[in-house]
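The shown structure was predicted, so the numbers you read here are calculated from the model rather than taken from an experiment.
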Amino acid sequence: MRTPLLRSAARLVRRRLLGATGAALLAGALLVGTPAGAARAADATPTAPAAAVAAPAAAGELPPDGDTVASPPGANDWTCRPTSAHPNPVVLVHGTFANRYENWLVLSPLLKSLGYCVFALDYGTVPGITSSGSGLLLPIGGLAPVADSAAQLGRFVDLVRGATGAAEVDLVGHSQGGMLPNYYLKFLGGAAKVGKLVALAPSNHGTTLDGITNLAPYFPRVAELIYTACAACRDQAVGSDFNRRMASRPDTVPGVRYTVISTVYDEVVTPYRSQFLDGAGGAGAAAVDNEVVQAHCPLSLAEHVAVAFAPTALHLVTNALDPAHATPVLCG
């Protein structure tokens, strides 16, 4: 039986309503209520800033709240300082045709409730392109060339490191947002600044444009965007120049721990196993965990969009961020 929380998350995705904050609080209660979750919340000793990381010269260098779209609950508190329990700030990276607010309404407050410093950016926006899928007229992003967006992510990571004093961040991304950080790691020197990459339904090896058009029911005007304003859609197509460049190097970079969380019902990045990463590479190879939601919860019907809100998937995220305190995954 699907839990009330999962039904609530599904309604959020299907109807793009703004009632996800309540679902986030329920999800947070479920995870924090476990013994390991309570232990994590209790261990909140601030860590000393990393001396090697310079803070921004002026507060004006920090992206203000609502710079493009309002921050999701719990994100972008630039006064947050990491604790010994969670020394790496978490940076959330939304997907194609999305924005930081709608994509992370559930995960952001959940991670904040567990004691993380949480940050979320908007990237790849095109002026004048908006979506009213949630009932609000909000800019949508993830449209620019992936390489440009990866560079934008790199600048944001540097701001987070400078503001918090952390030497490294952990990245959590959805769809394109789970794939483009790997470009940052492979080609833009990001591996030295990232501890973990957790990717929900990432387009790691491309998909078909037909797959991307399956997002149309969730986001008005998607069809016209795909062939006009969405360079990232072209980049994510199987066989694109971008994907050939990605394939020119191994899937992973040593020193980073990778987790891929997929669903068998993904209708956008298909086949879903194409999302998996290969950690093979001899000595020093990166650690990779390729997870499937239905392996932990056979009843889960989460698909490409809903996987960013499904309790089982979010539990896999929290376990991946803190493997030393991983708990049995809830089915929901």
Whether the side chain of [X] engages the backbone of [Y] through a donor-acceptor N/O pair (distance < 3.5 Å, no angle test) should be reported.
X      : Y      : value
Lys186 : Pro250 : yes
Thr312 : Leu330 : yes
Asn204 : Gln275 : yes
Asp170 : Lys196 : yes
Glu303 : Ala306 : yes
Arg100 : Pro72  : no
Ser300 : Cys297 : no
Thr207 : Val268 : yes
Asn243 : Asp235 : yes
Ser240 : Ala237 : yes

Please round to the nearest 0.5 Å and tell me the distance separating atom [atom1] of [X] and atom [atom2] of [Y].
X      : Y      : atom1 : atom2 : value
Met179 : Thr96  : CE    : OG1   : 7.0 Å
Trp78  : Thr164 : CH2   : OG1   : 8.5 Å
His205 : Arg273 : NE2   : CZ    : 14.0 Å

Can you list the steps and then say if Thr327 with His315 is a side chain to side chain donor-acceptor pair (under 3.5 Å)?
-> CA-CA 8 Å; Thr327 58; His315 201 151; 2.6 Å; yes
Nearest heavy-atom pair of [X] and [Y]: which atoms, and what distance?
X      : Y      : result
Leu171 : Pro181 : CD1-CB, 3.6 Å
Gly142 : Ala232 : O-CB, 3.3 Å
Gly206 : Val238 : C-CG2, 3.7 Å
Ile140 : Thr125 : O-CG2, 3.7 Å
Leu200 : Ala313 : CD2-CB, 4.1 Å
Thr83  : Gly115 : OG1-O, 4.3 Å

Would Ser203 and Gln236 count as a side chain to side chain donor-acceptor pair (under 3.5 Å) if you check the C-alpha gap in whole Å, the side-chain angles of each, and the deciding distance to 0.1 Å?
-> CA-CA 7 Å; Ser203 52; Gln236 291 176 87; 2.7 Å; yes
Any side-chain heavy atom of [X] sitting closer than 4.5 Å to one from [Y]?
X      : Y      : answer
Gln176 : Tyr123 : yes
Asn76  : Val118 : no
Val288 : Phe276 : no

Does Arg155 come within less than 4.0 Å of Asp158, counting only side-chain N to carboxylate O?
->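 No, no charged N to carboxylate O under 4.0 Å.
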Face-on cation placement of Arg245 at Phe187 ring, 6.0 Å and 45° thresholds =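 The answer is yes, since Arg245 meets both limits relative to Phe187.
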Given the side-chain rings of His304 and His174, with only the six-membered ring counted for Trp, is the space between their centroids under 6.0 Å?
-> yes
Between the side chains of Asn182 and Tyr258, does any donor sit under 3.5 Å from an acceptor?
->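 Tyr258 and Asn182 do have a side-chain donor-acceptor pair below 3.5 Å.
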Hey, are His296 and Glu291 close enough side-chain-wise for a donor-acceptor pair under 3.5 Å?
->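 Glu291 vs His296: donor-acceptor pair found between side chains.
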Going by the angle between their ring planes, with limits at 30° and 60°, are Phe156 and Phe119 parallel, tilted or perpendicular?
-> perpendicular
Residue pairs passing the salt bridge (charged side-chain N to carboxylate O under 4.0 Å, His left out) test with at least one member in residues 249-260, sequence neighbours excluded, are Arg257-Asp289
